[in-house]
Amino acid sequence: MHFKQWSAAVLTLPLFPLYAAEDINELSPVVVTASRIAETTDETLASVTVITREDIEKRQANSVQQLLQGVPGLTLTNNGGLGKATSVFLRGTESDHVLVLIDGVKVGSATLGTTAFQDIPVEQIERVEIVRGPRSSLYGSEAIGGVIQIFTRRGGGELKPFVSLGGGSYDTYKGSAGISGGGDNSWFNLSISGIDTEGFNACNGSPTGGGCFTFEPDKDGYRNLSGSLRAGYRFANGAEAELNWLRSDSDNKFDGSFVNESETIQQVLGGKVRYAPSESWDITLQAGISEDKSDNFKDGDFQSRFDTERVSASWQNDIFLNDSQFIVAGLDYQDDRVDGTVDYEESSRHNIGGYVQYQGQFNANELQFSLRYDDNEQFGGNTTGSAAWGYQINDPLRFWLSYGTAFKAPTFNELYFPDFGNPDLDPEQSQSIEASLNGSYGWGRWSLNLYYTQIDDLIAFSAATRAPENVDEARITGLEAIYGHQLMGWNFQGALTLLDPENRSKGVNRGNQLPRRAESTFRLDVDRSFDRYSLGATLYAQGSSYDDLANTRRLGGYATFDLRGSYQFAKDWQLEALWANVFDKQYETAAYFNQPGTNVMVTLRYQP
C-alpha cells in the first residue's frame with residue numbers, strides 16, 4: 001500500500017470515473033470514510049460500498065432512498081412516498097445509529113438524532129460512501145451501525161454546463177442545471193435542482209389507531225428546491241483550500257393527527273484547508289455548520305418550529321512512516337444547539353474528541369488499531385477502540401478480522417423534552433466483531449462478510465418512570481454475500497443480506513425480532529451498454545418484518561422489478577426512461593403507510 005500516493009490521488013477523483021466496489025470489471029474506487037485517509041476499497045479493513053455519479057445516472061435514481069435501497073446490510077423504511085420521512089437501518093442497528101456526513105460535515109437533527117435522507121437532493125451528489133460496522137473510534141457518537149458520507153459534485157477540468165428535465169407518474173416533474181470547471185489546479189461546481197410531485201395518499205390510518213392516527217384520503221405532495229456550490233484551489237506549494245455549500249428547501253404534505261405539513265430547510269456550509277509541512281506529514285483543518293429546521297402546520301395553521309444547528313471543527317494529522325505504514329491523529333469539536341417553540345431545559349452542549357489510528361502492512365499481513373476519547377458536556381467521558389487484522393492469502397484471495405466498540409449519545413428529545421426527557425441517561429454502547437473473505441477471479445468478484453453486534457443500554461420508554469431509560473439490549477448477527485460478474489457483455493451485480501436482529505431486553509419482548517428490520521434482503525442489477533443506448537433491470541426482494549416491539553403487526557415480504565433504458569440521440573444529449581415496480585406490487589415498509597405502485601419517469605439530459 002502506498003498511502004501517501006493515494007492521499008494525493010483522492011484530490012483528483014472527479015477527473016476519472018469511479019465504480020461501485022461490487023463491479024468485477026473495474027478498478028476499486030478510492031475511499032476516505034473508512035479510515036479518514038484515502039485508500040482503495042480493496043485495501044481498507046472494513047466493509048464499504050461506493051456509489052458514484054455514474055451509478056446514480058445509470059440507475060436513474062430520483063431520491064437517496066432509491067439510491068440506497070439494496071446496499072448490503074442496509075434496510076429502509078418510508079412513510080408514504082417521495083419526500084416522506086425515511087429511516088435507514090444499517091446492519092440491524094437503530095435508525096439513529098448511523099453517522100451521516102456531507103462533504104465531511106456532520107449532519108442530522110440534534111432533537112431527533114436522525115438525518116432527513118428524504119430531503120437530500122440526489123442531483124447534487126457526486127458519490128456516496130457507505131461504511132458498515134462501528135466507527136466511533138474515529139468519528140465519535142452515532143457510528144454504531146456505520147457511516148454514510150455524501151460528497152457533492154466537485155467539478156474540475158474544462159468548463160462544462162449540464163441540464164436535465166424530467167416528468168412522470170403522480171404528476172411528478174423534476175429539473176436540474178449547473179456548470180462545472182476550474183482547469184488543472186482549481187475546481188468548482190455550481191448547480192440547482194428541483195422536484196415537484198402531487199404524490200398519492202400517504203397513509204391508510206384511522207383516528208383510533210395505527211400509522212398516522214388519522215383518516216385523510218387525499219394526495220400528499222412534495223416539493224423540493226436545492227442548490228450546491230463546491231470550489232477549491234491547489235496552490236503552487238501543494239496546499240489546498242476548499243469551500244462547500246448545500247441547501248435544500250422542502251414543502252412536504254402528509255397525513256397526521258397533530259401536523260400534516262412541514263416546511264423544512266437542510267443546509268450545510270463547510271470549508272477545509274490542507275497543507276503538507278513535509279513529505280511525510282499532512283495537516284487538514286476543517287470546519288462547518290449544518291442546520292436542520294422545520295416549521296410544522298395542521299391544515300394550514302402553524303403548530304410548532306424545531307431548529308437545530310451543529311457546529312463542528314477538526315484538526316487531522318496524517319503521518320506517513322513509510323510507504324506501508326501511517327498514523328492518523330487529531331481532534332474534533334462539536335457544538336449542538338436547539339431552538340424553536342419547545343422550551344428545552346438545556347439548549348446547547350459541546351463535545352471534544354481526540355483520536356489516534358495506526359495502520360501498516362507487513363508482507364501479507366495488515367494491521368489497524370484506533371483509539372478515541374470523547375468528553376461530552378452532558379454525559380462526561382467515553383472511550384472507544386477498534387482493532388483489525390488482514391491477510392492476503394494469495395493474489396486474488398484476502399481475509400480480514402475486526403473488532404470495535406461504539407456509542408450513541410442521547411438526543412435532546414431524550415434528555416430534555418418537556419415532561420418526557422431524562423437528563424440522567426447514559427450513552428448507548430456496542431461491541432462488534434466481523435470476519436470477511438473476498439476474492440477476484442475470472443468468474444467474478446465476491447465477498448462474504450459475517451458480523452455480530454451486541455448493543456447495551458439502549459434507550460427506550462419506561463412505563464414505570466414514564467420517561468426514557470437505558471433498559472433495552474439487542475444482539476444482531478448478519479451475513480452479507482456480494483457478487484459481480486460480466487457475461488456476454490452484460491454486467492451482473494448481486495447482494496444478499498441475512499440478518500438475525502434479536503431483542504434481548506428483559507420482559508415479554510425478549511427474543512422478538514427488532515421492529516422494521518427484515519431478516520433477508522436481495523438485490524440484483526443487470527446492465528448492458530451498447531453503441532448509443534443502454535438497458536438495465538433491478539430485482540429487489542425483502543423478507544417479512546414487524547412494525548412493533550411485540551411482533552404483533554407483521555409487514556409482509558415483497559419483491560419489486562424495475563426496468564430502465566437510455567438512448568443517446570445526439571452528441572451530449574440522452575433520453576432516459578425508468579419503469580419502476582413493473583408488476584405494481586403493493587407493500588409497506590412501515591405499517592399503514594403506502595408505497596408507490598407501478599410508475600414511469602422520463603428524463604432528457606444534456607451532459608458534455
Just by distance, with hydrogens left out, do [X] and [Y] show a side-chain donor and acceptor under 3.5 Å apart?
X    : Y    : value
T538 : R564 : yes
Q60  : N62  : no
N503 : Q513 : no
T264 : N252 : no
W245 : Q267 : yes
Y222 : N224 : yes
S164 : S176 : yes
Q586 : D584 : yes
S193 : S226 : yes
D96  : T114 : no
N78  : T86  : yes
T77  : T589 : no

By side chain to side chain donor-acceptor pair (under 3.5 Å), E345 pairs with (sequence neighbours left out) none
Which salt bridge (Lys or Arg N to Asp or Glu O under 4.0 Å) pairs, counting each pair once, include a residue from [range], with sequence neighbours left out?
range            : value
residues 102-117 : D103-R230, K106-E142
residues 250-259 : R223-D251
residues 67-81   : none
residues 110-123 : R53-E123, E123-R153, E123-R605

Identify the two heavy atoms, one from [X] and one from [Y], that lie closest to each other, and give their separation to 0.1 Å.
X    : Y    : answer
G256 : K298 : O-NZ, 2.7 Å
S248 : S250 : OG-OG, 3.8 Å
I459 : P468 : CG2-CB, 3.8 Å
P515 : L549 : CD-CD2, 3.7 Å
P418 : V342 : CD-CG1, 3.5 Å

All side-chain contact (heavy atoms from CB on, under 4.5 Å) counterparts of [X], not counting sequence neighbours:
X    : value
D419 : none
S109 : T111, L112, D292, T308
D249 : R247, I265
D332 : R36, S314, Y355, R372

Taking NZ, NE, NH1 and NH2 as the nitrogens, is one of them in [X] or [Y] under 4.0 Å from a carboxylate oxygen of the other?
X    : Y    : value
R337 : D339 : no
K219 : E198 : yes
D335 : R349 : no
R305 : D295 : yes
R523 : D525 : yes

Do other residues, nucleotides or ligands put more than 12 heavy atoms under 6.0 Å from the [atom1] atom of [X]?
X    : atom1 : answer
F302 : CZ    : yes
D343 : CG    : no
W579 : CH2   : no

Taking salt bridge (charged side-chain N to carboxylate O under 4.0 Å, His left out) as the test, write out the residues that go with K585, two or more places apart. none
Residues in salt bridge (charged side-chain N to carboxylate O under 4.0 Å, His left out) contact with D196, at least two apart in sequence or another chain: none
What verdict does the side chain to side chain contact (heavy atoms under 4.5 Å, CB included) test give for S63 and V122, after you've listed the backbone C-alpha separation in whole Å, the side-chain angles of each residue and the deciding distance to 0.1 Å? CA-CA 6 Å; S63 66; V122 72; 5.8 Å; no
Side chain to side chain contact (heavy atoms under 4.5 Å, CB included) between E309 and D336, worked out: CA-CA 6 Å; E309 183 179 271; D336 288 348; over 6 Å; no
For a side chain to side chain contact (heavy atoms under 4.5 Å, CB included) check, start with the C-alpha distance between V107 and R310, then their side-chain angles and the critical distance, and finish with the verdict. CA-CA 7 Å; V107 300; R310 286 181 157 169; over 6 Å; no
State whether Y592 and R553 meet the cation-pi test: NZ (Lys) or CZ (Arg) under 6.0 Å from the six-membered ring centroid, and within 45° of the perpendicular axis. yes
Does the ring of F151 carry R127 above it, NZ/CZ under 6.0 angstrom from centre and within 45° of its axis? yes
Under the ring pair (Phe, Tyr, Trp, His ring centres under 6.0 Å) rule, what do Y344 and Y416 come out as? Steps first, then yes or no, please. CA-CA 6 Å; Y344 288 86; Y416 306 121; 7.4 Å; no
Please enumerate all residues that pass ring pair (Phe, Tyr, Trp, His ring centres under 6.0 Å) together with F420, with sequence neighbours excluded. none
Would you confirm whether S312, through its side chain, and V105, through its main-chain N or O, come within 3.5 Å as a donor-acceptor pair? no
Using the rule given for side chain to side chain contact (heavy atoms under 4.5 Å, CB included), can you reason through Y173 versus L165, listing the C-alpha separation, both sets of side-chain angles and the distance that settles it, and then say yes or no? CA-CA 8 Å; Y173 302 93; L165 294 171; over 6 Å; no
Would D547 and R516 count as a salt bridge (Lys or Arg N to Asp or Glu O under 4.0 Å) here? Give the steps. CA-CA 5 Å; D547 196 66; R516 298 186 177 180; 2.8 Å; yes
